[in-house]
There are 2 protein chains.
Amino acid sequence: MDVRISVQNLTGMPLFEGLDTEEIGEVLSRVNVLVKRFRKSDYILLAGDCVDNLCIVINGTVQMIKEDIWGDKSIIANLGSGSVFAESYLGRRHDRSIVSYFAASDSEVLMLPFGRILETPSNSKAHTKLMCNIVSILADNNSKLIEKTEILCKKTLRGKIYAYLEQEAANAGAKRFIIPFSRTDLANYLDADRSALTRELARMRDEGMIAFEKNTFEILD
Amino acid sequence: MDVRISVQNLTGMPLFEGLDTEEIGEVLSRVNVLVKRFRKSDYILLAGDCVDNLCIVINGTVQMIKEDIWGDKSIIANLGSGSVFAESYLGRRHDRSIVSYFAASDSEVLMLPFGRILETPSNSKAHTKLMCNIVSILADNNSKLIEKTEILCKKTLRGKIYAYLEQEAANAGAKRFIIPFSRTDLANYLDADRSALTRELARMRDEGMIAFEKNTFEILD
DNA sequence: AACTCGCCGTTGCTTTTGCAACACCTAAGT
DNA sequence: ACTTAGGTGTTGCAAAAGCAACGGCGAGTT
């Protein structure tokens, strides 16, 4: 389950952007770092769990989810490789996670006790860059959540679907793109009923707004 | 409009927590800092505006809002004194704000060109504390957005209302509490129709789930 | 090959809820 | 004192969307 990490894999990660392998080694030498593997459908962290590590997706896909008492699942965010999560433990409000994290595919996650790094003052180049990176990442995670609420704030299902597709198109930089969700998961992401989603997608296609085939979508006009 | 800032006012702010007045002065001496006053209903920042300052609510109430083409207003978050906003400019994804900020009451906002502070390495105590603080604040803002999505992900209006009231009760630490929204604003915060909200609140009262009088609510049971 | 399981589309039904219109109230300004 | 403007509760109606059930399909397993 636990795996030694090769520093090589980390150079492309947003958290370590701008740091060379030597600098990454310097940072990691001061803390206990750990990579955990998860199988598809494993829970990485449960809502209510105590969190004491910053988590980084090395590869695979992780979903931030919230399940209610009835087992009704809502996907809050989809996290690809390089994503940083469980950052709420860096805040003062919560020491427990309010959401769950879930391996949507086989995944490797780097667990990093970041508190130590934070509190240790240092004016090394590596440390400064790392601090800048974490601030940027947190700000970006923020933006992503705001974008998500821009989907959810739409009053109609069609509005949500369209807002979502526009975001994916903007991400892809093209009117035609592939979405990372199955229909079931998309329904959970939009917090809508799956059958209602299928129905509304069909209507939008019939009206010539969009075209799609499996997970490939296109916004028409 | 622009006002000189007295350092005294900042000692209580989360961003400067743990810093004494001398240290705050040291930090501020390196950048141009500015306090702007806004009248109730003024826009502080418009969606699409270029952002180059971190903003801190000194006093008053600021709303993060998103308006669509039809003027339909959605309140994403309500920001009281001490709140930090417009932080997405610290990220790499956007240099423009994707949402608007709006003075819900007469307000004073501190504008702080934080990028300069970030990039200047320093191992002074003050600098280290400031970095820790900003990380904590960003993480907390994250948690708040996640909590907001926990309201919006509910499929029924009653679910949203109840989730919201539970959060307010948790914030207040009591079953009885005062909400900061008018009915109209609450509808915009929950992204629901105002009349439907009134109707559902009345039903929940009739069924004995909750009691309320103006803006004072109580969760029963 | 038979079977299971999970995902997908379809459809009928019912509830929810958005929308529009109206009347009332309060506060602020003239 | 009058007027205006904005917030609030109410209600009828129509549209939207959740729910449940079913059948088909494809992948993986025995």
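These numbers come from a predicted model, not from an experiment.
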When you compare the side chain of B/Ile56 with that of B/Phe114, does any pair of heavy atoms fall below 4.5 Å?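 Answer no - side chains too far apart.
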
With a 4.5 Å limit on heavy-atom distance, are the side chains of A/Asn141 and A/Phe85 in contact?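 No, their side chains stay 4.5 Å or more apart.
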
Go nucleotide by nucleotide along DNA chain D from the 5' end; which of A/Arg158 and A/Arg194 gets its closest nucleotide reached first?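 The residue whose closest nucleotide sits nearer the 5' end is A/Arg158.
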
Most 5' of B/Arg205 and A/Asp191 on DNA chain D, judged by nearest nucleotide: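 Final value for this comparison: B/Arg205.
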
Taking [atom1] from [X] and [atom2] from [N], how many angstroms apart are they, rounded to a whole number?
{"X": "A/Asp68", "N": "D/dG18", "atom1": "CG", "atom2": "C1'", "answer": "14 Å"}
{"X": "A/Asp193", "N": "C/dC13", "atom1": "CG", "atom2": "P", "answer": "17 Å"}
{"X": "B/Lys214", "N": "C/dT26", "atom1": "NZ", "atom2": "C1'", "answer": "8 Å"}
{"X": "B/Lys160", "N": "D/dG18", "atom1": "NZ", "atom2": "P", "answer": "10 Å"}
{"X": "A/Asn215", "N": "C/dG9", "atom1": "CG", "atom2": "P", "answer": "9 Å"}
{"X": "B/Leu201", "N": "C/dT17", "atom1": "CG", "atom2": "C1'", "answer": "14 Å"}
{"X": "B/Met204", "N": "C/dT17", "atom1": "CE", "atom2": "C1'", "answer": "15 Å"}
{"X": "B/Lys40", "N": "D/dG6", "atom1": "NZ", "atom2": "P", "answer": "11 Å"}

Counting only heavy atoms not in B/Lys175, do more than 12 sit closer than 6.0 Å to its NZ atom?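 Count not over threshold, so no.
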
Does atom CD of A/Glu207 have more than 12 heavy-atom neighbours from other groups under 6.0 Å away?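 Check passes, neighbour count above 12.
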
Nucleotide nearest [X] (side chain, heavy atoms from C-beta), chosen from [options]:
{"X": "A/Ser182", "options": "D/dT8, C/dC7, C/dC19", "answer": "C/dC7"}
{"X": "A/Ser195", "options": "D/dC19, D/dT8, C/dC8", "answer": "D/dC19"}
{"X": "B/Arg199", "options": "C/dC19, D/dT10, C/dC8", "answer": "C/dC19"}
{"X": "A/Leu157", "options": "D/dA17, D/dT8, C/dC8", "answer": "D/dA17"}

Contact under 4.0 Å: B/Thr184 side-chain N or O vs D/dT8 OP1/OP2: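 Yes, B/Thr184 has a side-chain N/O under 4.0 Å of OP1/OP2 on D/dT8.
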
Is A/Arg203 touching bases, backbone alone, or none of the nucleic acid, heavy atoms closer than 4.0 Å?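 No contact at all - A/Arg203 keeps every heavy atom at 4.0 Å or more from the nucleic acid.
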
A/Ala196 vs B/Lys155, nearer the 5' end of DNA chain C by closest nucleotide: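 So the residue in question is A/Ala196.
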
Judged by modelled atom types alone, do B/Asn133 and A/Arg92 share a side-chain donor-acceptor pair under 3.5 Å?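 Side chains of B/Asn133 and A/Arg92: pair found under 3.5 Å.
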
